[in-house]
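What follows is one structure encoded as structure tokens, with my remarks underneath.
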Number of protein chains: 2
Amino acid sequence: MRKIILVFGLLILALLLLFQFSKYAVISGDLNSEIAIALIAIVFFFIGVYLNKKSLQKKTNASDDINHKKIEDLDISKREYEVLLGISEGLSNREIGEKLFVSESTIKTHVSNLLSKLNAKRRTQALQIAKDLQII
Amino acid sequence: MRKIILVFGLLILALLLLFQFSKYAVISGDLNSEIAIALIAIVFFFIGVYLNKKSLQKKTNASDDINHKKIEDLDISKREYEVLLGISEGLSNREIGEKLFVSESTIKTHVSNLLSKLNAKRRTQALQIAKDLQII
DNA sequence: GTGGATTTGGTACTTTAGTATGAGTTGTAA
DNA sequence: TTACAACTCATACTAAAGTACCAAATCCAC
């Protein structure tokens with residue numbers, strides 16, 4: 001919020017300076033008024049582009065950022081989450097076990113716990129739910 | 001490409017009109033020059049916002065649009081694709097069968113063919129590959 | 001209308017996935 | 001230090017998923 005105020009403050013300041021400058025330049029005869037207006041137009045065009053890009057960037061990041069709070073809320077442990085990532089990579093339980101240097105049994109336990117925590121019946125459903133909750 | 005030229009043409013036209021209008025208005029004394037400049041600034045600000053949004057929109061759509069050509073290239077039939085969508089919803093073979101009003105056997109056949117076409121060993125891997133190829 | 005692709009489905013089997021249960025090992029917060 | 005959560009692993013199941021093969025019905029293009 002403070003950031004937004006700062007940006008807008010600076011924007012207004014720049015705006016005023018630009019106006020004053022263009023007026024002075026035109027009056028003093030250093031600058032053609034059309035060119036001054038064109039400059040202002042160009043500057044504001046790019047300000048529009050810049051601000052829009054910034055706001056869209058925030059939205060995009062927010063939408064594909066991982067919701068860590070949700071993971072905690074669901075009581076998903078660190079290890080369980082690593083298993084979930086393995087599932088999302090399309091690995092089998094055995095392969096996840098090899099990747100994390102534990103036995104397939106261990107992975108099965110984690111998967112089973114994960115499914116109940118995510119309220120899913122299958123690993124594919126777990127993926128769908130996890131995506132909905134934006135935790136993967 | 002033709003569209004871009006059209007947009008820019010119109011833009012330049014609008015620009016010239018705006019200039020002429022503001023100059024005329026200022027000379028005729030109907031308008032204060034600061035207000036004219038401010039109007040131009042605002043107009044160009046929104047032009048910047050609008051054009052930027054348009055270009056970003058295209059990019060976004062292109063990235064999460066389904067690649068139909070790829071589906072054809074992989075020889076994935078209409079029915080197989082429907083099964084793939086069922087998998088991505090986290091459904092079991094039986095549930096996909098119920099949804100498409102065919103037997104589980106049929107779904108198994110489709111899944112098996114899908115896996116070999118996608119070069120996947122498991123349905124979860126098929127999902128990952130399908131996402132990579134942007135066909136789901 | 002014939003031929004090829006698609007869709008359907010069955011049997012028989014192997015392989016994974018998932019459940020239930022019990023139990024030993026850590027790390028760590030009270 | 002003890003109590004608890006997280007992690008580990010095993011056994012013994014049951015339930016799905018996946019493969020291989022075969023076969024019939026249907027649809028569509030040439």
Side-chain angles (χ1 to χ4, degrees), chain A residues 66-133 135-136, chain B residues 66-133 135-136:
Chain A
I66 291 166
N67 190 343
H68 296 285
K69 196 185 166 300
K70 200 88 203 173
I71 297 173
E72 280 180 44
D73 287 352
L74 290 168
D75 260 326
I76 293 174
S77 74
K78 192 177 142 199
R79 209 55 164 167
E80 284 164 352
Y81 186 68
E82 291 176 313
V83 171
L84 179 59
L85 292 181
I87 293 174
S88 78
E89 289 168 26
L91 303 177
S92 68
N93 290 336
R94 167 164 287 117
E95 287 168 339
I96 297 171
E98 283 165 7
K99 193 173 182 182
L100 300 180
F101 303 109
V102 294
S103 79
E104 192 190 343
S105 296
T106 305
I107 303 301
K108 281 191 178 188
T109 306
H110 288 320
V111 170
S112 205
N113 292 332
L114 253 175
L115 293 183
S116 73
K117 285 177 183 179
L118 286 172
N119 210 7
K121 286 181 193 151
R122 282 164 291 283
R123 45 170 62 210
T124 47
Q125 196 180 8
L127 286 181
Q128 206 245 326
I129 292 169
K131 251 167 254 154
D132 264 15
L133 298 175
I135 62 177
I136 54 172
Chain B
I66 290 166
N67 192 341
H68 296 285
K69 196 186 166 298
K70 201 89 203 172
I71 297 173
E72 279 180 45
D73 287 353
L74 290 168
D75 259 325
I76 293 174
S77 74
K78 192 177 142 199
R79 210 51 165 169
E80 285 164 352
Y81 186 67
E82 291 176 311
V83 171
L84 179 59
L85 292 181
I87 293 173
S88 78
E89 289 170 26
L91 303 177
S92 68
N93 290 337
R94 168 163 286 116
E95 287 169 338
I96 297 171
E98 285 166 7
K99 193 173 179 182
L100 301 180
F101 303 106
V102 294
S103 79
E104 193 189 341
S105 296
T106 305
I107 303 300
K108 281 191 177 188
T109 306
H110 288 320
V111 170
S112 205
N113 292 332
L114 253 175
L115 293 183
S116 75
K117 285 177 183 179
L118 285 172
N119 210 9
K121 286 179 191 148
R122 283 165 288 285
R123 46 170 61 208
T124 48
Q125 197 181 7
L127 286 180
Q128 208 245 324
I129 291 168
K131 251 166 255 155
D132 266 13
L133 298 174
I135 62 177
I136 55 170

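The sequence lines fix the lettering, A, B, ..., with proteins before strands; numbering per chain opens at 1. Hydrogens, waters and symmetry mates play no part in the numbers below; they use all other heavy atoms, side chains included.
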| field | By side chain to side chain contact (heavy atoms under 4.5 Å, CB included) - contacts of Lys69(B) (at least two apart) | value | Asn67(B), Asp73(B)
| query | Out of dG10(C), dA17(D), dG18(C), which nucleotide sits closest to the side chain of Ser103(B)? | reply | dG10(C)
| Distance in angstrom units between Glu82(B) CD and dT6(C) P, rounded | 14 Å
| message | Quick one, Arg79(B) and Val102(B) - any side-chain contact, counting heavy atoms below 4.5 Å? | response | yes
| message | Which nucleotide wins on minimum distance to the side chain of Ser77(A), given the candidates dG18(D), dA6(D), dT16(C)? | response | dA6(D)
| message | Using the side chain to side chain contact (heavy atoms under 4.5 Å, CB included) criterion, which residues pair with Thr109(A)? Sequence neighbours excluded. | response | Asn113(A)
| note | By nearest-nucleotide position on DNA chain C, the 5'-leaning member of Thr124(B) and Asn113(B) is Asn113(B)
| task | Find the distance Glu104(B):CD to dA17(D):C1' and express it as a whole number of Å. | result | 9 Å
| Between His110(A) and dA6(D), is there a side-chain N or O to OP1/OP2 distance below 4.0 Å? | no
| field | Value in whole Å for how far the P atom of dA17(C) lies from CG of Leu114(A) | value | 14 Å
| message | Does dT19(C) have OP1 or OP2 under 4.0 Å away from a side-chain N or O of Ser112(A)? | response | yes
| message | How many whole angstroms separate atom CD1 of Ile107(A) from atom P of dG18(C)? | response | 12 Å
| request: Give the nucleotide from the list dC7(D), dT7(C), dG18(C) with an atom nearest to the side chain of Lys78(A). | output: dC7(D)
| field | Spacing of Arg79(B) atom CZ relative to dG9(C) atom C1', expressed in whole Å | value | 13 Å
| task | Quickly work out the Leu84(A) CG to dA6(D) P distance and round it to whole Å. | result | 16 Å
| message | By nearest heavy atom, map Thr109(A) and Asn93(B) onto DNA chain D; which one lands nearer the 5' end? | response | Thr109(A)
| Distance in angstrom units between Lys108(A) NZ and dT16(C) C1', rounded | 7 Å
| query | For Ser105(A), which contact category applies under a 4.0 Å heavy-atom criterion: base, sugar-phosphate, or nothing? | reply | base
| Any side-chain N or O of Arg122(A) under 4.0 Å from OP1/OP2 of dA17(C)? | no
| said: I'd like to know if the side chain of Glu95(A) reaches the main chain of Leu91(A), judged simply by a donor and an acceptor atom lying under 3.5 Å from each other, with no hydrogens or angles considered. | reply: no
| message | So, taking the atom named OG in Ser105(A) and the one named NE2 in His110(A), what distance separates them when rounded to the nearest 0.5 Å? | response | 11.0 Å
| Thr106(B) near the nucleic acid: base, sugar-phosphate alone, or nothing, with a heavy-atom cut-off under 4.0 Å? | base
| query | Rounded to the nearest Å, what distance is computed from the CG atom of residue Leu100(B) to the C1' atom of nucleotide dT7(C)? | reply | 12 Å
